[in-house]
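Numbers here simply count residues along the sequence, with the first being 1. Since this is a predicted model, take the numbers as computed values, not measurements.
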Amino acid sequence: MSAAQVLVVGAGPTGLTLACDLARRGVAVRIIDQAPGPFPGSRAKGVTPRTVEVFDDLGVAGEATRASTPVVMRHHGRDGTFVDQRPDSYWRSSPAEPYPQLLLPQWRTEAILRSLLSRLGVTVEYGTRLAAFEQDGHQVVAAVQHPEGGRTITAGYLVGCDGGHSTVRRELGVAFEGTTHPAQALLIGDLEVTGPRADRLHFWADPERGFLQLCPFTGSPVWQVAAMTPGWQARPPAPSREVFQHAAREITGSSGIEFGAARWTSTYRVNVRMADRLRRGRVFLAGDAAHVHPPAGGLGMNTGIQDAYNLGWKLALVLGGLATDALVDTYQAERLPIAAWTLGTSSERLRDMVAEIGKSGGADLGVVNTDDTRQLGLGYRWSPLSHPGTGHHGRLRPGDRAPDAPCRDAGGASVRLFDLYRGPHFTLLGFGHASRPAIEAVSAAWDGPLRTCLIAPGAPLADHDGHAADAYGITGDALVLVRPDGYLALTAEHHQAAAVLDYLRSL
């Protein structure tokens, strides 16, 4: 029998993010996956700006950004005409929102996270299948199967990140309500492509012939090919190079596109389902194990990564003795409404996409890339962790995402607020010199993970262009406490150190 503080089941993007977050916080984590090795496909390729901010906190945003495919969408007509579009969501950035949307094949996203996890001293245990588990008030005992034989793993907590067919969810007896749309089938594959420009995402959409998308990836000869035709809906063929080749010629009306051998293929049917709870005892659900969505808007993987990001710091504080077990109850309170919102939004974007395909003369598939799908406006104002504050009224409220802003240190070097937030700690910002006594008092009185910073002229950090005050709506001296996952915990008047300490101790 072997032990861990947390056992993560499933080594997709959600499980890898959680394992990375726990490991960097000093939690003894193990991560298992029944697959014999890493997932080879490109499946979930859109990385939202909010998820890139999660990667920033984990220290891998730069690597992900460099690997991203520059996005220009080319919408083709069957007559050979085309229109190029630069979707705003893929290019826009600002001082408060520094990252645009990225385009990465899922195998590359997982490779980035797996490399980080390795640097943190944890290796994915592939070929290890969860068979069953039992729990009591103190631990979870999991029976796992491995080619070398069965064994058990004991853990303080278990988190199921094992996908839509989750063993963990089934063993928990958690309902997975929703619908499947068997008449909507999309074939997806990774193939080498010759013919189209490799610096464009290519789309053809025709209400009578179907839909074709060709997506190249930076530094890889393999493209993601997605196709759907009206004739496939009742009984789609098994995806193969020949099937994609025939579909491309039928949909585009051209023989100028050639595919190589398929390296990975999948048949996707639209599922809209959500678990009725995310926790039962010492076992949690995250990612596709908890909710599955239509692909429009690319929210599924991103929502799972953000599930993990929400849960990691809470488990770490509880395991470190700095919070009661009630803190992890807030995972369900915060993430279940987000899952419900995501199901609704992705379903709406799918309807928009289908409507666009149904238009004569082509489609503007940029309709699925909206402000909603950037995920920057999501927050937890309703959460029990979002305290109303003590009288300071900035633009933001507790539960809102904490924006970025460029500042300067005492030597004039550029320092972003995200540089302060990066790591496993709370961050207490003191706007104005009058906040200094309060941040010093909090720092001296609380021994948990906390970083403090005074933002004022001549202080360790100066808001030289006013971007920080503008992003947070600060007009005077004030205190702002930011959670480890980059959301506001509370705002307070500059002298109210007691309010901040009460919050931290209430955990």
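- Taking 4.5 Å as the limit, every side-chain heavy atom of His425 sits out of range of all side-chain heavy atoms of Trp313.
- Asn302 places a side-chain N or O within donor-acceptor distance of the main-chain N or O of Gly46, the cut-off being under 3.5 Å.
- When only modelled atom types and interatomic distance are considered, Ser118 and Arg114 share no side-chain donor-acceptor pair under 3.5 Å.
- With no hydrogens or angles considered, a side-chain donor-acceptor pair links Lys45 and Gln224 at under 3.5 Å.
- Looking only at side-chain heavy atoms (C-beta outward), Phe259 and Val225 come within less than 4.5 Å of each other.
- Formation of a donor-acceptor pair under 3.5 Å by the Tyr157 side chain with backbone atoms of Gly281 is not found in this model.
- Atom CD of Glu125 sits in a crowded spot, with more than 12 heavy atoms from other residues, nucleotides or ligands closer than 6.0 Å.
- Within the 4.5 Å cutoff, the side chain of Arg169 has heavy atoms near those of the Phe176 side chain.
- With salt bridges taken as basic N to acidic carboxylate O contacts below 4.0 Å, one links Glu334 and Lys314.
- Here the side chains of Gln306 and Thr51 are in contact, with some heavy-atom distance below 4.5 Å.
- Using cut-offs of 30° and 60° for the angle between ring planes, the Trp223 and His202 rings count as parallel.
- For the pair Arg282 (side chain) and Ala155 (backbone), a donor-acceptor distance under 3.5 Å is absent.
- Remark: side-chain polar atoms of Tyr268 are not paired, donor with acceptor, to backbone N or O of Arg43 under 3.5 angstrom.
- Counting only heavy atoms from C-beta outward, the side chains of Thr265 and Leu187 never approach each other to under 4.5 Å.
- A donor and an acceptor atom, one from each side chain of His291 and Asp307, are located under 3.5 Å apart.
- Arg24 meets the side chain to side chain contact (heavy atoms under 4.5 Å, CB included) test with Asp21, Asp57, Leu58, Leu120, Tyr309; sequence neighbours excluded.
- Dense packing is recorded around NE2 of His146, with more than 12 heavy atoms of other residues, nucleotides or ligands lying under 6.0 Å away.
- Side-chain N/O atoms of Gln106 and Glu110 include a donor and acceptor closer than 3.5 Å.
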| request: Might you work through the salt bridge (Lys or Arg N to Asp or Glu O under 4.0 Å) test for Asp404 and Arg416, ending with a clear yes or no? | output: CA-CA 7 Å; Asp404 195 12; Arg416 294 164 47 200; 2.8 Å; yes
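- Centroid-to-centroid, the aromatic rings of Trp107 and Phe217 stay 6.0 Å apart or farther.
- With hydrogens and angles ignored, the 3.5 Å screen pairs a side-chain donor or acceptor of Asp136 with a backbone N or O of Gln139.
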| Check against salt bridge (Lys or Arg N to Asp or Glu O under 4.0 Å), Asp400 and Arg397 | CA-CA 6 Å; Asp400 289 348; Arg397 295 288 180 268; over 6 Å; no
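- The side-chain contact (heavy atoms from CB on, under 4.5 Å) with Val54 is formed by just one residue from the set Asn310, Ile305, Val60, Asp485; it is Ile305.
- Judged purely by atom type and a 3.5 angstrom limit, Ser506 uses its side chain to pair as donor or acceptor with the backbone of Tyr503.
- Aromatic ring orientation, Tyr99 versus Phe418: parallel (interplanar angle below 30°, classes split at 30° and 60°).
- Under the salt bridge (charged side-chain N to carboxylate O under 4.0 Å, His left out) criterion, Asp502 pairs with no residue, sequence neighbours left out.
- Listed for the Thr218 side chain is a donor-acceptor partner under 3.5 Å among the backbone atoms of Ser68.
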| task | Please test Tyr421 against Arg451 for side-chain hydrogen bond (donor to acceptor under 3.5 Å, both in side chains), starting from the C-alpha separation and ending with a verdict. | result | CA-CA 8 Å; Tyr421 303 158; Arg451 182 173 187 174; over 6 Å; no
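- When side chains are defined from C-beta on, Pro147 does not count as touching Thr128, because their heavy atoms never get closer than 4.5 Å.
- Contact check for Tyr472 versus Leu417: side-chain heavy atoms found under the 4.5 Å cut-off.
- Within the 4.5 Å cutoff, no side-chain heavy atoms of Thr154 are placed close to those of Phe133.
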